[in-house]
Visitor: 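Below is a structure I'd like to ask you about.
One-based numbering, in listed order, for ligands and for the atoms of each. Side chains included, hydrogens not; waters and symmetry mates left out as well; all remaining heavy atoms used.
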Amino acid sequence: MAAAAAAALLAAVVALTAAEAALVEHTFVVRQMHMQHLCKDTLVTLVNGQFPGPAIEATEGDTVVVHVVNESPYGITIHWHGVKQRLNCWADGAGMVTQCPIQPNATFSYGFNLTGQEGTLWWHSHVSSLRATLHGVIIIRPKSGNYPFRKPDMDVPIIIGEWWHKDLTEVDKAYLNSNDNDPAAATINGKLGDLSNCSGKAEDSYVLEVEPGKTYLLRLVNAALYSEYYFKVAGHSFTVVASDANYLRPFSTDVVAVAPGETMDVLMVADAPPCRKYHMVALAIEAPEPDPQLPLYISRGLVRYKNINASVDCAGAERGAVIPDMPDNHDTTTTFHFHGNLTGAAPEHPLLPQVRGPVDERLYIALGQGSVCRGNMTSCKRGGSSESMLVAYMNNVSFHLPDKLALLEARYRGDASLSSTVEELPSRPPRPFNYTDPALIPVAPGGKEEAIEPTRKATTARRFRYNATVEVVFQSTAMMQSDSNPMHLHGHDFFVLAQGHGNYDAASDARSYNLVDPPVKNTVHVPRLGWAAIRFVADNPGSWFLHCHFEYHIAPGMATVLVVDNGPTPETTLPPPPTDLPKCSKLQEQRV
Ligand code: C2O
């Protein structure tokens with residue numbers, strides 16, 4: 001039955017596809033496997049036995065069909081992070097938002113097209129923390145073969161991730177009990193690197209072999225659950241040319257900052273003395289104390305030259321690899337400036353939209369942590385007391401996923417039992433405070449945060465009429481932590497108009513907006529103790545998840561759903577769901 005439905009989907013998708021666009025088809029078998037790292041045997045869930053998972057390579061305009069065969073014991077969805085999914089919200093793969101998970105021993109086929117998008121995106125599972133091992137890159141090359149920059153000789157995906165010893169399905173639950181819940185190590189393309197070792201045996205490193213004079217397009221993806229990363233290659237510099245599958249005005253740098261959910265495309269010319277070796281390093285960034293401190297996460301790979309001209313004599317060359325000078329792991333300024341340097345390649349590039357005004361809807365969303373009472377208590381001690389439980393919020397509501405029916409399905413079927421329990425996300429923080437006051441960071445009895453930490457859990461959404469122009473200002477707060485917040489919106493790209501330190505001030509900060517050539521993104525880095533403003537057009541009907549891409553923020557509730565109404569015509573209306581869309585069953589106990 002699943003095969004028949006898949007064939008029907010394929011036929012429908014192919015019929016819709018223009019003659020010259022290709023069909024890119026994959027089968028993803030999701031299965032558990034044992035892997036050994038750091039002297040430990042760990043049972044992990046992988047696609048086709050690969051970590052990271054298989055790359056999807058396509059050309060702009062192609063249609064992609066992925067048959068997911070779930071042989072794992074968990075409910076699974078796959079989200080195509082950054083794919084616009086126009087009129088195709090059913091294929092977005094956000095667990096309990098657009099679909100119920102694919103149950104064990106079941107199959108579901110996702111079909112979508114890559115129209116108007118070029119660059120690097122990625123896919124990952126979107127149920128609990130399983131995405132730590134269920135992810136891979138999506139490479140979309142221009143149909144013409146022409147890039148708006150020097151044509152690279154080779155594509156090199158660089159996926160920054162983490163290795164976990166912990167059972168990933170337990171990780172999300174553990175946030176609610178604030179147990180020890182840290183990854184074991186950082187990874188580059190699945191390798192922990194030679195700085196990680198146990199019993200004196202170093203872990204394997206990712207090795208990139210380059211040829212003198214050639215240009216490499218490094219396609220960086222931050223697939224980590226936990227941290228922003230700095231990335232450098234000793235002896236080499238980069239030209240940043242795209243992010244989130246949107247072209248940027250190229251700029252040079254020797255350090256790249258990439259937050260979870262983001263992709264960065266950077267050109268690297270192999271122009272260093274070829275007899276030496278060069279380390280590449282991915283280093284996790286974290287907020288300084290009094291934020292709770294993690295171990296230092298660092299993964300190291302190697303760049304090595306091959307096909308060196310015979311006239312070059314490497315006999316006397318030093319054998320050790322050159323080590324890059326990394327920023328401090330508590331340096332949150334370099335990432336602020338790196339993200340501030342991004343400008344869009346518009347108006348020159350035809351794929352990039354122009355900024356639109358006037359603004360129809362404005363949201364100001366404060367991002368932070370709070371607490372709710374455990375059990376059924378209506379009042380409880382706060383300030384780190386075990387009577388209360390730490391959660392994360394948007395405008396003081398901690399998002400709660402439904403567990404019986406996906407939100408999009410409930411809305412489509414007019415299911416009142418679920419829809420009536422969905423609350424409207426407040427457009428502003430319900431009680432303003434000095435959001436970036438550092439005195440709010442420490443969690444302790446009698447601490448300054450205690451009075452304002454009570455929050456509540458609810459399933460929230462915000463509805464927009466078709467084609468509304470929406471502006472959102474995200475405000476990072478100092479509430480019980482002071483992390484940055486990489487905020488990701490499904491189904492839409494947006495303009496990043498500006499960012500700043502401190503509390504957003506509408507009167508003065510709106511003047512700093514870049515309305516000429518802002519970068520177009522699907523994930524915005526909202527700086528630590530600062531804000532970022534985005535704008536988008538709500539022109540893709542459906543229910544779209546909006547959340548922080550840090551797992552320790554999304555799992556405890558820093559999320560909401562943006563609902564976009566249908567437009568007036570069939571061409572602006574979300575079609576019915578595929579007939580084989582997975583049903584929720586009792587097994588559905590996973591949270592996103
Ligand atoms: Cu990559 Cu909802 O996320």
Visitor: Which atom, counting only N, O or S, brings His490 closest to atom 2 (Cu) of ligand 1?
Guide: NE2
Visitor: So which of Val266, Leu218, Val221 actually passes side chain to side chain contact (heavy atoms under 4.5 Å, CB included) with Ile158?
Guide: Leu218
Visitor: Hey, what's the angle at atom 1 (Cu) of ligand 1 spanning NE2 (His549) and ND1 (His81), nearest 10 degrees?
Guide: 100°
Visitor: From the N, O or S atoms in His124, identify the one nearest to atom 1 (Cu) of ligand 1.
Guide: NE2
Visitor: What do you reckon, are the aromatic ring centroids of Tyr110 and Trp80 less than 6.0 Å apart?
Guide: yes
Visitor: Can you measure from CG (Leu562) to CG (Leu546) and round to the nearest 0.5 angstrom?
Guide: 5.0 Å
Visitor: Taking 2.8 Å as the cut-off, does an N/O/S atom of His488 lie below it from atom 2 (Cu) of ligand 1?
Guide: no
Visitor: Quick one: CZ on Phe495 to CG on Leu352, what's the gap to the nearest 0.5 Å?
Guide: 8.0 Å
Visitor: Which single N/O/S atom of His547 lies at minimum distance from atom 2 (Cu) of ligand 1?
Guide: NE2
Visitor: Before accepting this row, confirm whether a basic side-chain N of the pair Arg456/Glu423 lies closer than 4.0 Å to the acidic partner's carboxylate O.
Guide: yes
